Amino acid sequence: LFRARYGEIWVGTRYGVVRIAEDSWVQFTGSSEQTHFSGTIMYADGETSPLTVDTQGNMCQFRDEAWEILSPLYIPGTENRVENSIYYMHKGEKDALWMLGNNGIYAYSIAEKKVIRALKSPQGARLEQLQVTVSGRVILSGRNGIFELVEDAWVPLNLTLPSEDFQCQSVVIDKNEKIFLGGAYLIQRYQLEGSGKVTLEQEYPIESLARTGGLSSEGQPIIGSEGVGILLIDDSGVQREIAFDDSLSKRPAGVYQDGAG
């Protein structure tokens, strides 16, 4: 779920991507008979039209009411294409778009229209998310750890988890490079120091499992808590709780706040 230019909201689905603008829904399954989307993964922000990867390993961008192929995704120095199993994208420093796949991590230059960096995943890591901080630090997270890219190596963060039953489900990094880990009945706040070092600053008890997380339009952490609702977090703790209506799912899979709040 992403916000693009002019207030558009984009949603990735199994059967193509959907644009929401001016209270209408429009589905786009591909830009041509040769272009089909491999899944639900897109990237967009307030200045960039949506980007996605098709089933042939091409980077595509939505322009003039259609999806256009920008370039094939070749691994630097080879004729091999990036596999189409990309399942997370995040904009990094300058114009680099970082992509997380089953077999590697890649940085794509939007200006040069090519992959400029390819890295192997940490051995044995079950990765789910990639984030780039405001200072350009690249952070990987998964069920069995969180890693920072230091030069060309993935260094595990020195976390202080409360127990093996913590079940870390959400990782949110705010504009001050504080990491919020959400798990069973607890949210932890760390300060990212660099080179794999973090400092545990605060712990916030909650009533359930923190299943997912995101950032508000002001950069404030938002946590979707199972069976409870949406929690807005600041340095002092849980600032506000928005309870789920009885008609809504009690197991949130994603949270997002648009520019209108």
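Being a predicted model, the structure only gives us computed values, none of them experimental.
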Legend entry - Derivation and outcome, side-chain contact (heavy atoms from CB on, under 4.5 Å), residues Lys113 and Met59: CA-CA 8 Å; Lys113 297 182 181 180; Met59 180 64 73; over 6 Å; no
Inset, instruction - Calculate, to the nearest 0.5 Å, the distance between atoms CG and OG1 belonging to Asn176 and Thr133 respectively. - result: 11.0 Å
Legend entry - Contact summary for Ile206 and Ser225, nearest pair of heavy atoms: CD1-OG, 4.4 Å
Legend entry - Straight-line distance of Gln191 CD to Lys178 NZ, nearest 0.5 Å: 4.0 Å
Legend entry - Spacing of Glu177 atom CD and Ile139 atom CD1 [to the nearest 0.5 Å]: 8.0 Å
Legend entry - Gap between atom CG of Leu140 and atom CD1 of Ile105 - 0.5 Å precision: 5.0 Å
Legend entry - Heavy-atom closest contact (Glu148 atom, Gly196 atom, distance): OE1-N, 2.8 Å
Inset, instruction - Give a yes-or-no answer on whether the side chains of Thr199 and Glu193 include a donor-acceptor pair shorter than 3.5 Å. - result: yes
Inset, instruction - First locate atom CD of Glu201, then atom CD1 of Ile179, and finally report the distance between them rounded to the nearest 0.5 Å. - result: 10.5 Å
Legend entry - Side-chain donor-acceptor contact under 3.5 Å, Tyr190 with Thr160: no
Inset, instruction - Apply side-chain contact (heavy atoms from CB on, under 4.5 Å) to Gln220 and Leu215, showing your working. - result: CA-CA 5 Å; Gln220 180 182 8; Leu215 290 174; over 6 Å; no
Inset, instruction - Could you tell me whether the side chain of Arg117 reaches within less than 4.5 Å of the side chain of Leu149, counting heavy atoms only? - result: yes
Inset, instruction - Taking the side chain as every heavy atom from C-beta outward, state whether Val171 and Gln129 have any atom pair closer than 4.5 Å. - result: yes
Inset, instruction - Kindly give the heavy-atom pair with the smallest separation between Ala184 and Leu209, and that separation in Å. - result: N-CD1, 3.6 Å
Inset, instruction - Please check if Leu186 and Leu159 belong to a single hydrophobic cluster, counting links between Ile, Leu, Val, Met, Phe, Trp and Tyr side chain heavy atoms closer than 4.5 Å. - result: yes
Legend entry - Student check: side-chain heavy atoms of Trp154 and Leu119 closer than 4.5 Å: yes
Inset, instruction - Indicate the atoms forming the closest heavy-atom contact of Ser71 with Lys114, along with that distance. - result: OG-N, 4.4 Å
Inset, instruction - Using the side-chain contact (heavy atoms from CB on, under 4.5 Å) rule, take Met99 and Tyr108 through it: C-alpha gap first, then chi angles, then the decisive distance, then the call. - result: CA-CA 8 Å; Met99 303 180 291; Tyr108 175 82; 4.0 Å; yes
Inset, instruction - Verify the cluster assignment for Leu73 and Leu70: are they in a single hydrophobic cluster under the rule of side-chain heavy atoms below 4.5 Å apart? - result: yes
Legend entry - Heavy-atom check, side chain of Leu232 versus side chain of Ile223, under 4.5 Å: no
Inset, instruction - Please name the residue in the list Ile187, Val198, Leu161 that meets the side-chain contact (heavy atoms from CB on, under 4.5 Å) test with Leu181. - result: Leu161
Inset, instruction - Report the distance from atom OG of Ser141 to atom CG of Leu130, rounding to the nearest 0.5 Å. - result: 8.0 Å
Inset, instruction - Taking the side chain as every heavy atom from C-beta outward, state whether Val115 and Ile75 have any atom pair closer than 4.5 Å. - result: no
Inset, instruction - May I ask you to test the Ile233-Val172 pair for a side-chain heavy-atom distance under 4.5 Å? - result: no
Inset, instruction - In plain terms, say whether Asp174 and Arg189 are close enough for a salt bridge, that is, a side-chain N and a carboxylate O under 4.0 Å apart. - result: no
Inset, instruction - Check the side chains of Glu203 and Gln188 for a donor-acceptor pair under 3.5 angstrom, ignoring hydrogens and angles. - result: yes
Inset, instruction - Say whether Tyr74 and Leu100 are linked into one hydrophobic cluster, either directly or through other cluster members, by side-chain heavy-atom distances under 4.5 angstrom. - result: no
Inset, instruction - Step by step, work out the side-chain contact (heavy atoms from CB on, under 4.5 Å) result for Phe180 and Ile222. - result: CA-CA 10 Å; Phe180 292 78; Ile222 311 173; over 6 Å; no
Inset, instruction - Check whether any side-chain heavy atom of Ser195 sits under 4.5 Å from a side-chain heavy atom of Val155, and report yes or no. - result: no
Inset, instruction - Determine whether the side chains of Tyr204 and Gln202 contain a donor N or O and an acceptor N or O closer than 3.5 Å. - result: no
Inset, instruction - Considering non-hydrogen atoms only, spot the tightest contact between Gly213 and Ser170 and give its length. - result: N-CB, 3.7 Å
